[in-house]
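This report refers to the structure that appears directly beneath it.
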Amino acid sequence: MAKIICIAIPKGGVGKTTTAVNLAASLAVLEKRVLLIDADPFGACALALGFTQEKIKGGLYEVYNFIYSLSQVIHRTELPFLDFIPVNIRSVQMEERLLRLSENKTLLRNILQSITPYYDYIIIDTPPVLKGLTTAALLCAHSVLIPIRSGYFSLEGIDKLLKYIESIRETYNKGLTIEGIVQTMYEPHTKVTEIMDHELMQRFRKYLLQTIIPRSTHLNEATFYGKPVVLFNASSKGATAYLNLAREILQHGNEEAVNIVGGQSESEVQGSTL
């Protein structure tokens, strides 16, 4: 059964889509079966994976409109273990309709139930707002990964997101957890970074992941070629960082598996409640 990770923060320009694409690709390189879903109407994941409009046979828009089933809009990628569902928005009218349909908060969760047995991880990229498709993603996710770039507004974005996650837990998805905060586009030895590091340690230490994604020209270049960085330049700092992030998340999953209810396995827990 797939673990669903939502990539979210109500702040643009923090490397959210870059993280979604490259984390998904890195997990696939590590031979985990991964589905990447683009729930951001901007549709940047498709471009980052080399899917131009003529290559897209349908996407989340068609699924929400009951034109196609979810399995009919799954696209294969260059990586054998990575599949992709684009959002497939081609006009303002289509975006407005999808946003209206996304007011049905539980539709995405219900739709995903049919494919979760076939993947190890489902990664959902969301828009930089908390309503609509982001809420739908949070309702069906097991955890939230928060990319963050040095800057005051990013800190405010974390505060806002954590409060929203708490409300989601209370009303819709009590099992939702924080996968972690990952620093992106990291530039050491600057005053802003120094302040940011201090603030993150003071306010969000328990959520901070060890992996840091450096600022890397290869990450930017890879998007122009429609490839995740691990396929564009596997030896680059960006590729290495995202592979390390994937390994850290896999380690989180392993720790969760052996720490359920004081170290009991999931089957033991289920057996004890029958």
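Residue numbers count from 1 along this sequence. Being a predicted model, the structure only gives us computed values, none of them experimental.
Side-chain contact check for Thr17 versus Phe42: every heavy-atom pair is 4.5 Å or farther apart. Within the 4.5 Å cutoff, the side chain of Leu208 has heavy atoms near those of the Met201 side chain. Proximity of Leu162 to Ile178: side-chain heavy atoms (C-beta onward) are separated by under 4.5 Å at one or more points. Inter-residue side-chain proximity for Val182 and Ile212 is flagged as unmet; no heavy-atom pair is nearer than 4.5 Å. Side-chain contact between Ser235 and Thr240: absent, with no pair of heavy atoms (C-beta onward) separated by less than 4.5 Å. When side chains are defined from C-beta on, Arg97 counts as touching Asn65, because their heavy atoms get closer than 4.5 Å. Counting only heavy atoms from C-beta outward, the side chains of Thr126 and Leu133 never approach each other to under 4.5 Å. At least one side-chain heavy atom of His252 sits under 4.5 Å from a side-chain heavy atom of Leu209.
Interatomic distance, CD1 of Ile124 versus CG of Leu36, reported as 9.5 Å (0.5 Å rounding). Note that the SG atom of Cys6 and the CG atom of Leu145 stand 9.0 Å from one another [nearest 0.5 Å]. In this structure, the separation between SG on Cys45 and CZ on Phe51 is 11.0 Å, given to the nearest 0.5 Å. Separating the CG atom in Asn244 from the CD1 atom in Ile213 is a distance of 8.0 Å, to the nearest 0.5 Å. Between the CG atom in Leu139 and the CG atom in Leu108 there is a gap of 9.0 Å [rounded to 0.5 Å]. Interatomic distance, CG of Leu60 versus CG of Leu101, reported as 10.0 Å (0.5 Å rounding).
Counting heavy atoms of neighbouring residues, nucleotides and ligands inside a 6.0 Å radius, atom NZ of Lys57 exceeds 12 of them. Other residues, nucleotides and ligands contribute more than 12 heavy atoms inside 6.0 Å of the CZ atom of Phe204.
Ser216 places no side-chain N or O within donor-acceptor distance of the main-chain N or O of Lys237, the cut-off being under 3.5 Å. The backbone N or O of Gly43 sits nowhere less than 3.5 Å from a side-chain atom of Asp40 that would complete a donor-acceptor pair. The closest donor-acceptor contact from the side chain of Thr116 to the backbone of Ala2 lies at 3.5 Å or more, if one exists at all. Using modelled atom types, no side-chain atom of Gln183 and backbone atom of Arg149 make a donor-acceptor pair closer than 3.5 Å. Between the side chain of Gln72 and the backbone N or O of Ser69 there is at least one donor-acceptor pair closer than 3.5 Å. Between the Thr223 side chain and the Ala48 main chain, no donor and acceptor come within less than 3.5 Å of each other. Glu62 contributes a side-chain N or O that, together with a main-chain N or O of Gly59, makes up a donor-acceptor pair within less than 3.5 Å. Side-chain atoms of Thr177 come within 3.5 Å of backbone atoms of His142 as a donor-acceptor pair (strictly under, hydrogens ignored). Thr106 places no side-chain N or O within 3.5 Å of a backbone atom of Arg109 that could act as its donor or acceptor partner. The backbone N or O of Glu187 lies less than 3.5 Å from a partner atom in the side chain of Thr193, making a donor-acceptor pair.
With hydrogens and angles left out, the side-chain atoms of Thr135 and Tyr164 include a donor and acceptor closer than 3.5 Å. Counted by atom type alone, Tyr64 and Asn104 present zero donor-acceptor pairs between their side chains at under 3.5 Å. In the model, Gln53 has a side-chain atom that pairs as donor or acceptor with a side-chain atom of Asn88 under 3.5 Å. No hydrogens or angles considered: nothing links the side chains of Tyr242 and Thr18 as a donor-acceptor pair under 3.5 Å.
Criterion: ILVMFWY side-chain heavy atoms under 4.5 Å apart, direct or through other members. Under it, Val29 and Leu23 are part of a common hydrophobic cluster. Hydrophobic clustering (side-chain heavy atoms under 4.5 Å, transitive across Ile, Leu, Val, Met, Phe, Trp, Tyr) keeps Tyr121 apart from Leu138. When the side chains of ILVMFWY residues are joined at heavy-atom separations under 4.5 Å, either directly or via intervening members, Val14 and Leu219 end up in two distinct hydrophobic clusters.
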Practice item. Go through the steps to decide whether Asp83 and Tyr118 satisfy the test side chain to side chain donor-acceptor pair (under 3.5 Å), and finish with yes or no. Key: CA-CA 11 Å; Asp83 291 341; Tyr118 303 104; over 6 Å; no
Practice item. Take Leu112 and Ile115, measure what side-chain contact (heavy atoms from CB on, under 4.5 Å) needs, and give me the verdict at the end. Key: CA-CA 6 Å; Leu112 284 180; Ile115 61 166; 4.0 Å; yes
Practice item. Verify side-chain contact (heavy atoms from CB on, under 4.5 Å) between Leu200 and Arg205, making sure each step is shown before the conclusion. Key: CA-CA 6 Å; Leu200 287 171; Arg205 180 194 299 264; over 6 Å; no
Identify every side-chain donor-acceptor pair in residues 224-232 under 3.5 Å, counting partners at least two apart or on other chains, and give the distances.
{"from": "Lys227", "atom 1": "NZ", "to": "Glu78", "atom 2": "OE1", "distance (Å)": "2.9"}
{"from": "Lys227", "atom 1": "NZ", "to": "Glu78", "atom 2": "OE2", "distance (Å)": "3.0"}

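Of all the heavy atoms in Leu82 and Ala28, the pair that sits closest is CB-CB, 3.7 Å.
A salt bridge is absent between Asp120 and Lys3: the closest approach of a Lys/Arg side-chain nitrogen to an acidic carboxylate oxygen does not fall below 4.0 angstrom. A salt bridge between Asp159 and Arg203 is present, with a side-chain N of the basic residue lying under 4.0 Å from a carboxylate O of the acidic one.
Not counting sequence neighbours, the partners of Glu166 by the side chain to side chain contact (heavy atoms under 4.5 Å, CB included) test are Arg169, Glu170.
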